[in-house]
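Worksheet: one structure, shown below.
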Amino acid sequence: MANNALSTEFLDKFRTDSQALSERINSASGTNKQADKEEFLSGISKLRKDLIDATPYLPTYDQRTSELQLKALEKQLDGRIEGSTTGPGRTKAGSKFSFKRAAKTSEQVGSVENMVASPAVPLSQVTGEQMDSTASPSIQSPSGHNSQTKEIETPEFGFHNRSKEYLTLNDLKLSQNDGNTSNTDVIISFLSECIVNLLERDGTSTVATPIRALHAKGLRKCIIMMPDVQGSALIQDCEDCIIAISCHQFRIHTSTRINAYLRISSTPVIEKCTKMLFAPYTIPLAPSSVENQTENQFANVQDFSWIRATPSPNWALLTEENTIKEDKWPVDHVRGDIDEYLQVLLPKV
Amino acid sequence: MGLLTVIRKNRRKERQMRILFLGLDNAGKTTILKKLNDEDVNSVSPTLGFNIKTFVHGKYTLNIWDVGGQRTLRPYWRNYFEQTDALVWVVDSSDRLRMDDCKAELHALLTEERLAGASLLVFANKQDIGGSMTDSEIREALDLPSIKTHHWRIEACSAIRGEHVKGLWEGINWVVTDVARRLYWGSVEGTN
């Protein structure tokens, strides 16, 4: 659609321009405040004019977020230029009550609520800068940096800092936890080139799994096979992995090239992810604990980095020929040939 | 003082409270809300925007706002601050990997001018999951004792099963009492 192309073009330009302006404001030397300020103000008003010109074809959501972006710029300018001169009428953050401000925010509440309430309405522009850098979780992951270097606090069950291993339930040593094995979460972090098989496959009948939730972080080139955990799965900062799980909720953040095989009764969520592929969980891995299975929602992925009318470019469904066949999962303990499995099965870069 | 008296009388008549549920994604905010309202908790999907539930608790009508916790949604939290009487901060007690994140987000909220004076209830949720952190571990991990600006309390709970479900109601009872003391009994207490 022509309008679509126009608005995309406008948004790209608008974002580049406002980022450039923002950088200039930040790097302003402060030697010639008045001149700087005038230059920046005229920059902002030019952007505002562009925005008004674009109104006829720009979706209301983008208008609003662009407007917010302009306001942020103005605020930044205020803080930069006037912050040092303490002009009249300026309130330091968190100090004064004013009716004017309250009125303004309540108006904002209305509009943003409407906006957030409808999933069809895009959310992206506000977080534009974050979106741009979705590509590589390894460089990005805002929370990742702190915790990565930090020791994880006494995780009860899980695998950490392993590489090139085949890990199973036995390695979790569930039984050591004073018999309270009926209910636990599993934390898996910083594994590379591992196969994790936490399926219950001893004997002929399937034992009810003790695992209620999965937390995973920092996995590289791994295959994770999980049973029906009933609870939720929360995964972050992963690359080049296959994750199969039957769960109630599935959320994955800042990850790329993940093939997810899901049996799930709610909508999977991705946020700041790229190159995600989804497929239905393969039944032979583990039967469902729920008797009257609700519909598998694996294909109704919600991308929080792309809440727009257009389809998200960050995920797709796995094609039939790229789906791992039911008998091809590395469910039997493999030794030595993990590499081979990984090469055959992992998403191709 | 005239205006204050009018406002107080007005609120006394309505006996309404506005409670804001926040926390990281996957904390269980919506599930707790459903459980409090006696609804099915097995059908909860990650929250894309927000939910509002209104229910009567004792003498009071609680308006509970439950806002999605995905990182993308967090900038929108501030749009819900206005006139909040109590903040309920929900923590996934098994989410050890993000406790730092959780602490940072909470403490950022507490500096918000529009939340000044709001009571703070921390739900150490998902206690049904073995290996979860206990409420006292979470108290330390989130550095709750350092909070001097708000009345706060931490309550271990689970919205799914076990004896911890009653923690939900204990928490709500505390929050209602704390807010009521401030709003409706007119006792002029400091916020410390």
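This one's a predicted model, so the numbers in the text were calculated from it and none came from an experiment. Just so we're on the same page: letters track the sequence lines, and every chain starts at 1.
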Who are the side-chain hydrogen bond (donor to acceptor under 3.5 Å, both in side chains) partners of B:Arg74, not counting sequence neighbours? B:Asp25, B:Glu105

Can you list everything that forms a side-chain hydrogen bond (donor to acceptor under 3.5 Å, both in side chains) with A:Asn296? Sequence neighbours excluded, please.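 By the side-chain hydrogen bond (donor to acceptor under 3.5 Å, both in side chains) rule, A:Asn296 matches no residue at all.
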
Does B:Asp92 form a side chain to side chain contact (heavy atoms under 4.5 Å, CB included) with A:His215? I'd like the steps, not just the answer. CA-CA 11 Å; B:Asp92 171 358; A:His215 294 275; 3.3 Å; yes

To check you understand the geometry: which heavy-atom pair defines the closest contact between B:Thr72 and A:Phe304, and what is its length?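 Reported closest heavy-atom pair: CG2-O, 3.3 Å.
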
Say you draw a straight line from [atom1] of [X] to [atom2] of [Y]; how long is it, rounded to the nearest 0.5 Å?
| X | Y | atom1 | atom2 | answer |
| --- | --- | --- | --- | --- |
| A:Gln230 | B:Ile129 | CD | CD1 | 10.5 Å |
| B:Arg98 | A:Leu234 | CZ | CG | 4.5 Å |
| A:Phe250 | B:Asn26 | CZ | CG | 11.5 Å |

Candidate pair A:His248 and B:Ser45, rule side chain to side chain contact (heavy atoms under 4.5 Å, CB included), full reasoning: CA-CA 8 Å; A:His248 172 49; B:Ser45 271; over 6 Å; no

Check whether A:Gln302 reaches the backbone of B:Leu48 with its side chain - one donor and one acceptor, N or O, closer than 3.5 Å.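 Not a single qualifying donor-acceptor pair exists.
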
Check whether A:Thr184 reaches the backbone of B:Gly130 with its side chain - one donor and one acceptor, N or O, closer than 3.5 Å. yes

Side chains of A:Ser265 and B:Asn42, heavy atoms from C-beta outward: is any pair under 4.5 Å?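 In short, these two side chains do not touch, never coming nearer than 4.5 Å.
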
Exceeds 12 heavy-atom contacts within 6.0 angstrom, atom CG of A:Asn161: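 Yes.
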
Would you check if there is a donor-acceptor pair between the side chains of B:Gln70 and A:Arg251 at a distance under 3.5 Å?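 Yes, B:Gln70 and A:Arg251 have a side-chain donor paired with an acceptor closer than 3.5 Å.
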
Interchain contact, B:Ser43 with chain A, by part (heavy-atom threshold 4.5 Å):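 Backbone only.
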
Side chain, backbone, both or neither: which part of B:Val67 has a non-hydrogen atom closer than 4.5 Å to chain A?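 No part of B:Val67 comes within 4.5 Å of chain A.
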
Does the side chain to side chain contact (heavy atoms under 4.5 Å, CB included) test come out yes or no for B:Arg71 and A:Glu271, once each step is laid out? CA-CA 8 Å; B:Arg71 187 173 287 281; A:Glu271 191 176 30; 3.5 Å; yes

